[in-house]
Amino acid sequence: MTDTLIPFDDVLKDFDPALGLEVHVELNTATKMFCGCPTEFGAEPNSQVCPTCLGLPGAMPVVNGKAVESAMRIGLALNCTIAEWCRFARKNYFYPDMPKNFQTSQYDEPIAFEGYLDVDVDGETFRVEIERAHMEEDTGKTTHIGGATGRIHGADHSLVDYNRAGIPLIEIVTKPITGTGAKAPLVAKAYVAALRELILALGVSDARMEQGSMRCDVNLSLAPAGSGVLGTRTETKNVNSLRSVERAVRFEMGRHAGVLLGGGKVLQETRHFHEDTGSTSPGREKSDAEDYRYFPEPDLVPIAPSREWVEQLRTTLPEPPAERRARLQADWGFSDLEMRDAAASGALSLIEETVAAGAPPQAARKWWLSELARRANDLGVDLTDVGVTPAQVAEVQKLVDAGTVNDKLARQVFEGLYAGEGSPAEIVAARGLAVVSDDGALSAAVDAAIAANPDVADKIRDGKVAAAGALIGAVMKEMRGQADAGRVRELILEKLS
Amino acid sequence: MSDLIRRTAAELADALAAGEVTSVELTQAHLDRIAAVDTGDKGVHAFLHVDAEGALVQAQASDERRAAGAASHALDGVPIAVKDVLTTAGLPTTCGSKILEGWIPPYDATVVGRLKAAGLPILGKTNMDEFAMGSSTEHSAYGPTRNPWDLDRIPGGSGGGSAAAVAAFEAPLALGTDTGGSIRQPGAVTGTVGVKPTYGSVSRYGLVALANSLDQVGPVTRTVLDSALLHELIGGHDPLDSTSTTAPVTGLVDAARQGAAGDLAGLKVGVIKELAGDGWQPGVMQRFQESVDLLTKLGADVVEVSTPSFVHAMAAYYLILPAEASSNLAKFDAMRYGLRVTPDGSPSAEDVMKATRDAGFGDEVKRRIILGTYALSSGYYDAYYGQAQKIRTLIIEDFNRAYADVDVLVSPTAPTTAFKLGEKLDDPIAMYLNDLATIPANLAGVPGISVPSGLAPEDGLPVGFQILAPVLEDARLYRVGAALESALVQQWGGPLTPEEVAR
Amino acid sequence: MPEITRDEVAHLADLARIDLDDAELDHLAPQLNVILESVASIQGVAGDDVPPTSHPLPLTNVFRDDVVRPCLTPEQALAAAPEVEEQRFSVPRILGDEQ
Ligand SMILES: [Mg+2]
Ligand SMILES: [Zn+2]
């Protein structure tokens with residue numbers, strides 16, 4: 001079946017969107033949430049399991065204190081209240097990737113609750129209210145065999161690797177985000193970007209969305225414009241890039257509106273996001289309407305963090321995002337607009353690292369928000385995943401500043417970097433990209449250009465200096481771009497004065 | 001019958017220390033006894049798995065340690081039987097269920113690890129009601145265990161195998177687990193001693209959980225002193241069990257020795273008013289009263305104590321247990337280990353789970369899983385599980401009030417002596433009533449012991465006397481239990497033994 | 001106390017992933033009702049002023065240091081698996097979606 005999609009602007013004529021975001025962050029602790037198994041990514045299958053995380057009969061959990069500390073630091077950084085007393089609970093449901101057939105999570109007693117995170121979109125600040133941040137454990141990884149493209153649908157059987165089972169997760173849940181109107185998709189993206197920056201600054205996770213160490217579920221509902229009520233929501237699962245968060249919200253807004261304007265009802269359901277098409281499709285509803293039969297985990301004792309502990313952790317928090325942005329803007333001398341774009345693209349840390357590697361702030365900004373942003377967009381990935389490091393960007397800029405390459409050639413250097421042809425310097429050498437500064441060759445090319453364009457030459461002789469552009473273009477073409485445009489201009493004006 | 005097997009664990013320890021006997025000799029003697037009485041259609045059937053080879057290898061190693069003057073523990077070399085609900089690396093662990101048939105754990109329960117470290121040869125794994133759900137061992141998927149006092153009667157449950165093994169001299173020591181009386185009630189109906197330690201004082205790591213907030217591992221022996229020796233060995237903090245206490249488990253053996261001297265002067269004993277009356281077998285009440293009088297004779301000051309909330313203990317227990325069990329048993333789904341039943345056609349994982357759990361679980365287990373699922377399901381949680389947890393609070397308060405006035409509380413361990421096999425099999429409520437007197441201790445986490453207090457005149461079957469102490473005051477159980485035991489044994493002119501299998 | 005209907009038992013069996021046949025359902029429903037009657041007595045025994053007890057002992061803050069302990073080998077982990085493929089647990093096709 002195909003969805004009727006209403007154009008974005010039309011959606012807003014009739015409806016107010018309400019967002020809700022659930023982000024799962026995989027902590028970077030050395031061991032799992034409830035056992036001493038290591039958490040390294042990419043180990044051989046079922047090599048990082050023990051009786052506890054394999055759910056063997058008789059095995060028992062013991063809480064990883066470091067994970068609790070990380071959870072509390074995340075809670076504090078999100079301006080949450082830290083519970084005086086809380087417990088783990090069992091969330092009971094059967095699924096082959098879950099060794100015990102219950103997930104040890106937190107239910108009505110989360111470790112952190114009632115916080116907020118301010119996000120900035122086009123100069124407008126939106127306060128995203130945090131409902132809760134709680135601790136839980138990850139599930140195993142399932143590979144589906146026989147189905148089309150490894151999808152669960154139509155698979156013949158599945159293979160389970162439990163290395164990931166039991167890795168600590170922090171689930172961060174927002175309250176409904178309303179009043180964002182046309183900016184809903186951008187607010188959603190900006191929130192996840194800001195949360196990611198915060199997690200990275202806290203150093204509690206590598207928060208790599210493409211590797212699944214940070215996962216986002218997007219809840220969306222539409223209400224009749226101005227009604228102030230909340231409509232029926234859908235939950236789109238595993239939206240795993242900043243870009244996809246924005247696209248998922250956009251798509252669901254259009255789809256919901258299509259259903260509602262068509263006189264239909266939006267089904268409260270779980271949906272899946274498809275990177276390729278930017279669309280969502282319904283999940284298969286489980287027969288038993290979810291009844292998780294939560295109850296306090298009897299194998300674990302309550303957690304009651306002393307206020308001293310909480311205050312001590314508060315002193316370990318990084319600079320708040322707003323203050324950080326203000327500081328960076330001052331240091332870099334960016335305009336408000338430049339700063340906004342940088343933040344919205346999740347490029348602040350990248351620019352910071354590039355500047356730290358020796359590049360001028362404006363140059364760092366230019367590369368990340370133009371050339372590399374284009375590359376990210378082409379690949380459909382986030383900036384962090386374009387395959388170029390801040391250090392490499394700084395190195396390219398050094399070559400530009402030294403006059404070794406101009407901006408145009410620098411782009412070819414980046415192409416070399418994408419292709420993994422070595423360091424920028426090596427690429428310049430290998431591709432012979434260095435600018436020709438030998439005046440002999442240049443002046444010959446200039447003479448040829450003048451001879452080929454007598455009328456242009458006359459204009460310049462008559463003082464129409466602006467006309468020089470046409471000749472410069474011809475010369476650069478002749479030199480296959482490997483010339484310093486400034487120097488070419490000088491030569492032309494010399495010869496025609 | 002070799003007289004070796006009639007000796008207590010303490011006597012065997014002394015004999016080993018004195019070099020009068022080797023561990024191989026007495027381990028072999030018990031293996032012979034098992035071969036003689038445990039199998040066959042009228043056999044006791046206390047064991048699900050016997051590990052003769054492994055036990056003898058451990059015995060050999062123990063003898064070598066002795067020879068080198070490097071015994072690991074007083075009980076080094078004294079063989080022991082282990083309830084099949086405790087994981088044993090390399091030895092099958094089935095919990096009496098088809099769904100775990102043939103499962104061999106890759107790890108030892110902490111208590112099993114402590115037995116091995118102390119050098120006790122493990123004779124094998126004992127029979128039990130499936131996943132410890134029952135009071136008769138009839139719910140074992142591998143057939144019932146018979147009571148050595150009358151082979152047509154139940155040995156109690158869920159730990160009937162451990163109790164019967166010890167009563168029938170197939171093992172001097174055994175480990176049991178007690179969730180609502182599974183150590184104490186079998187002790188009562190087989191004329192043996194069984195102890196449920198303070199919750200958290202013995203590690204549960206490797207105990208396949210029935211109800212996590214109620215389960216506790218404990219000793220099953222023929223004498224109070226033997227229980228004290230075993231209790232001190234298995235007790236103490238375990239970092240792998242988050243609910244394990246850091247309090248040291250010591251002074252139990254001393255308390256047992258002191259109690260055996262028979263002086264209870266200054267001890268205040270409370271008789272629980274609510275645990276007597278209608279439905280309690282006359283012979284059981286008679287032997288109980290005689291034991292109470294004996295305590296008075298030994299200098300104890302006996303008063304009656306009322307614990308009004310105990311009348312709700314059974315109801316709370318049969319909501320909390322199924323709720324926790326329904327979640328614990330979810331892991332048995334045919335995906336990672338154990339039985340897998342694959343229906344015809346191209347069944348989904350869900351189909352396989354359902355078929356396997358239907359075929360692999362017995363009726364009582366299914367009954368309790370469904371009951372627990374119901375008690376936890378949305379809409380009923382507060383009315384059932386939530387309410388039951390509050391009853392727990394009331395029961396703890398009753399205990400605290402009582403212990404403000406008395407040092408220990410006493411009652412008969414079970415309302416009746418051993419009933420006939422099959423008698424109550426399809427009457428869950430009647431079956432549940434066996435645990436009336438033992439359940440409150442599990443709900444409150446307090447320790448309890450059952451000591452033989454004679455044979456009921458009407459049927460000549462053993463009766464158990466239960467002593468309960470405050471949390472972490474397990475030593476009191478041993479002092480009072482040993483005092484009563486020595487006084488009774490004097491009266492009887494020696495310990496009571498089941499003639500049926502004592503040929 | 002509400003009676004548990006046969007349909008309700010069927011739904012509970014579904015939640016608990018037990019494939020009960022009709023005979024079992026007929027047998028179980030009345031038995032469960034007998035049990036529920038016998039436990040119904042606790043309704044209203046303890047009021048809001050009574051706190052629930054989920055742990056017999058008042059322990060809190062039991063934590064483990066974030067230090068790696070030895071794992072099972074993949075062989076040990078898979079030893080009891082009904083079916084193994086590519087060093088993974090092989091399970092039949094899955095109907096429901098991941099949570
Ligand atoms: Mg969750
Ligand atoms: Zn593990």
Side-chain angles (χ1 to χ4, degrees), chain B residues 103-104 106-107 199-200 213-214 239 242-243 245 309 311-312 314-316 318-319 326 330 333-338 340 342 346-355 357-358 361 363 366-367 369-371 373-374 377 383-384 386-394 396 428-429 443-445 471, chain C residues 1-2 4 8-9 11-21 24 27-29 31-32 34-57 59 62-64 69 72-73 75-83 89-96:
Chain B
W103 182 57
I104 297 182
Y107 77 108
Y199 181 84
S213 69
L214 303 168
S242 304
T243 64
T245 62
S309 305
V311 297
H312 301 299
M314 175 76 67
Y318 278 101
L319 288 169
S326 67
D333 64 356
M335 299 296 115
R336 291 160 296 279
Y337 46 78
R340 175 180 288 188
T342 308
S346 67
S348 66
E350 288 82 349
D351 300 330
V352 170
M353 286 183 189
K354 287 183 175 184
R357 289 164 64 79
D358 180 48
F361 288 140
D363 291 345
K366 292 181 199 172
R367 198 150 46 214
I369 289 175
I370 299 292
L371 183 62
T373 304
Y374 177 75
S377 56
Y384 289 118
Q387 188 61 213
Q389 298 284 36
K390 291 182 169 191
I391 299 293
R392 232 175 144 159
T393 306
L394 297 179
I396 289 170
I429 298 291
L443 289 171
V471 161
Chain C
M1 267 314 101
I4 305 191
E8 210 168 347
V9 175
H11 169 67
L12 292 168
D14 206 56
L15 266 180
R17 295 284 191 273
I18 303 177
D19 187 11
L20 295 179
D21 57 36
E24 284 178 300
H27 194 61
L28 210 49
Q31 274 185 337
L32 288 176
V34 173
I35 296 170
L36 281 175
E37 268 167 45
S38 74
V39 299
S41 63
I42 66 167
Q43 298 308 318
V45 166
D48 300 344
D49 55 321
V50 181
T53 297
S54 57
H55 293 81
L57 298 179
L59 296 170
V62 175
F63 301 130
R64 175 178 57 80
R69 296 180 78 248
L72 295 172
T73 63
E75 295 66 34
Q76 287 174 309
L78 294 156
E83 220 178 316
F89 292 83
S90 176
V91 305
R93 64 195 175 83
I94 301 167
L95 288 187

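Naming convention: chains lettered A, B, ... in sequence-line order (proteins, then strands); numbering from 1 in each chain.
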Open item on the list: I'd like to know if the side chain of B:Lys354 reaches the main chain of C:Asp14, judged simply by a donor and an acceptor atom lying under 3.5 Å from each other, with no hydrogens or angles considered.
Closed with: no
Task: Partners passing side chain to side chain donor-acceptor pair (under 3.5 Å) against B:Lys390 (at least two apart in sequence or in another chain) - done: none
Task: Side chain, backbone, both or neither of C:Ala16 within contact of chain B (heavy atoms, under 4.5 Å) - done: both
Open item on the list: Looking at B:Pro428, is its backbone amide N or carbonyl O close enough to the side chain of C:Gln31 to form a donor-acceptor pair, meaning the two atoms are under 3.5 Å apart?
Closed with: no
Task: Whether B:Gln389 side chain and B:Gly386 backbone form a donor-acceptor pair below 3.5 Å - done: no
TODO: Sequence neighbours left out, what passes ring pair (Phe, Tyr, Trp, His ring centres under 6.0 Å) with C:Phe89? Give chain and number order.
DONE: A:Tyr162
Task: B:Ser348 backbone acceptor or donor facing B:Asp351 side chain under 3.5 Å - done: yes
TODO: Would you mind telling me which of C:Leu78, C:Val91, C:Thr53, C:Val62 has the largest number of heavy-atom pairs within less than 4.5 Å of chain B?
DONE: C:Thr53
Task: Under 4.5 Å from a heavy atom of chain B, the part of C:Leu20 involved - done: both
Task: Best-contacting candidate, C:Val9, C:Val45, C:Leu57, against chain B by heavy atom pairs under 4.5 angstrom - done: C:Val45
Task: Interface residue of largest heavy-atom contact number with chain B, from C:Arg93, C:Gln76, C:Glu8, C:Glu83, under 4.5 Å - done: C:Arg93
TODO: Look at C:Ala81, C:Ala80, C:Ala77 and state which one has the largest set of heavy-atom pairs under 4.5 Å with chain B.
DONE: C:Ala80
- [ ] Give, as side chain, backbone, both or neither, the part of C:Leu59 having an atom under 4.5 angstrom from any heavy atom of chain B.
- [x] side chain
TODO: Tell me, for C:Asp49 versus chain B, whether the close heavy atoms (under 4.5 Å) come from the side chain, the backbone, both or neither.
DONE: neither
Task: Residue C:Leu28 versus chain B: region with a heavy atom under 4.5 Å - done: side chain
